[in-house]
Amino acid sequence: MKTLLIGNFGARNVGDELILAAALSKFSDAIVATADAEFSQKFSERTFETIQPFPSGLRSFFSFFLKKEFRRELRVLRGQVSKIIFPGGGLFAIRSRAFWIWGATIFWLKKYFPDAEIFLENQGIDEPQNFLQRAILKKSLRGISKISVRDAASAAVLKKLKIESLVVGDRVESWKISGAEKKKKRVLINSRARADFSKILKNFPDHEKIFVAMEPGDARFSPENWDGKTIFPETASEAIALFSSVEIAIGQRLHFLILAKKFGAKTFTLGDPYAEKVRSWCEKNAIEDFQK
């Protein structure tokens, strides 16, 4: 019998692909639902069986019903998949679109794999902001075999809905990673919005400075008119080598901060945390704002 891994895979987000790589270290023969099988396999540096994500919008819905081969593949898998795992990430995020996408995904999973157990592991779940989000979340989590979350804030959200969960932390944070590099005189920077980098550039004039795009779109927020590098890690090994080699890391995205701290860099946020998941993690780990 097989395990099916479900998440925001194939979207070229380093954090999500690291979650997949960490999950595959445990479920090495799993099938993976990914929007870009080539990229997910390149990043994880291994080959695995893949399927397309389930439809969650009008366009993907019509495409799904036109692709008879995909539906045939799902029918074949129906008797082979015994366990479905969402291995981590903040899937039920604050936007209604996110609640809808993952609510629809769970609907299709229950339809095509009615006998499989579904597990949500290391999840980040935001407080529903309206009746629709709350209704989708409650219906989606009905019948889930077991739920673990990455922080106390997520557990509190589920407790309000009378759903039990276990706080276990982030999957990447607990991943036993090998291949650390020797420390270099380096500063890593990350931003998901326009920010003032002048203090960083002034305080570390002799350090090599690298802006890390945790998804390709981050690159547009790198410092203007500077002599540093901008890198988008293309593989898990590249990300591990980069983060393990630095002395200081200053950034905004959650998995940028998690990797930096995991490998012993002096870690700071860049401005106030942009989301509850980042705020919760920073408070738990006493991460300070570099700008203060």
Inset, instruction - Heavy atoms only: give me the nearest Phe92-Phe99 pair and the separation to one decimal. - result: CD2-CD2, 3.6 Å
Side-chain donor/acceptor pairs under 3.5 Å, residues 245-260, sequence neighbours excluded:
{"unit_1": "Ser245", "atom_1": "OG", "unit_2": "Arg186", "atom_2": "NH1", "d": "2.7"}
{"unit_1": "Ser245", "atom_1": "OG", "unit_2": "Ala241", "atom_2": "O", "d": "3.4"}
{"unit_1": "Ser245", "atom_1": "OG", "unit_2": "Leu242", "atom_2": "O", "d": "2.8"}
{"unit_1": "Glu247", "atom_1": "OE1", "unit_2": "His207", "atom_2": "NE2", "d": "2.9"}
{"unit_1": "Gln252", "atom_1": "OE1", "unit_2": "Ser191", "atom_2": "OG", "d": "3.3"}
{"unit_1": "Gln252", "atom_1": "OE1", "unit_2": "Arg192", "atom_2": "N", "d": "2.8"}
{"unit_1": "Gln252", "atom_1": "NE2", "unit_2": "Leu270", "atom_2": "O", "d": "3.0"}
{"unit_1": "Arg253", "atom_1": "NE", "unit_2": "Asp218", "atom_2": "OD1", "d": "3.3"}
{"unit_1": "Arg253", "atom_1": "NE", "unit_2": "Asp218", "atom_2": "OD2", "d": "2.7"}
{"unit_1": "Arg253", "atom_1": "NH2", "unit_2": "Asp218", "atom_2": "OD1", "d": "3.0"}
{"unit_1": "His255", "atom_1": "NE2", "unit_2": "Asp170", "atom_2": "OD1", "d": "3.0"}
{"unit_1": "His255", "atom_1": "NE2", "unit_2": "Asp170", "atom_2": "OD2", "d": "3.2"}

Inset, instruction - Under the side chain to side chain contact (heavy atoms under 4.5 Å, CB included) rule, collect the residues that match up with Lys199, sequence neighbours excluded. - result: Asn203, Phe290
Inset, instruction - Would you list the pairs meeting side-chain hydrogen bond (donor to acceptor under 3.5 Å, both in side chains) in which at least one residue belongs to residues 26-36, sequence neighbours left out? - result: Thr34-Ser40
Inset, instruction - Using side chain to side chain contact (heavy atoms under 4.5 Å, CB included) as the criterion, list what pairs up with Ile94, not counting sequence neighbours. - result: Asp126, Gln129
Legend entry - For Ser154, all residues meeting side chain to side chain contact (heavy atoms under 4.5 Å, CB included), sequence neighbours excluded: Ile125, Val149, Asp151
Inset, instruction - Could I get the full list of ring pair (Phe, Tyr, Trp, His ring centres under 6.0 Å) partners for Phe86, not counting sequence neighbours? - result: none
Less than 3.5 Å apart, which donor and acceptor atoms pair up between the side chains of residues 224-232 and the rest of the protein, not counting sequence neighbours?
{"unit_1": "Trp226", "atom_1": "NE1", "unit_2": "Pro223", "atom_2": "O", "d": "3.2"}
{"unit_1": "Lys229", "atom_1": "NZ", "unit_2": "Glu208", "atom_2": "OE2", "d": "3.1"}

Legend entry - Under the side chain to side chain contact (heavy atoms under 4.5 Å, CB included) test, residues paired with Arg279 that sit two or more places apart: Pro273, Glu276, Glu283
Legend entry - Counterpart residues, side chain to side chain donor-acceptor pair (under 3.5 Å), relative to Gln123 (two or more places apart): none
Inset, instruction - Kindly check if the number of other-residue, nucleotide or ligand heavy atoms within 6.0 Å of CD (Glu234) is above 12? - result: yes
Inset, instruction - Would you check if Pro128 and Val157 make a side-chain contact, meaning some heavy-atom pair closer than 4.5 Å? - result: yes
Inset, instruction - Sequence neighbours left out, what pairs pass ring-ring contact (aromatic ring centres under 6.0 Å, His included) with at least one residue falling in residues 1-49? - result: none
Inset, instruction - Scan for side-chain hydrogen bond (donor to acceptor under 3.5 Å, both in side chains) pairs involving residues 134-149, sequence neighbours excluded, and state none if there are none. - result: none
Legend entry - Within residues 69-90 or reaching into it, pairs that qualify as side-chain hydrogen bond (donor to acceptor under 3.5 Å, both in side chains) - sequence neighbours excluded: Lys2-Gln80
Inset, instruction - Using the six-membered ring wherever Trp is involved, compare the ring planes of Phe54 and Phe113 and label them parallel, tilted or perpendicular (cut-offs 30° and 60°). - result: perpendicular
Legend entry - Presence of salt bridge, Glu173 and Lys261, under 4.0 angstrom: no
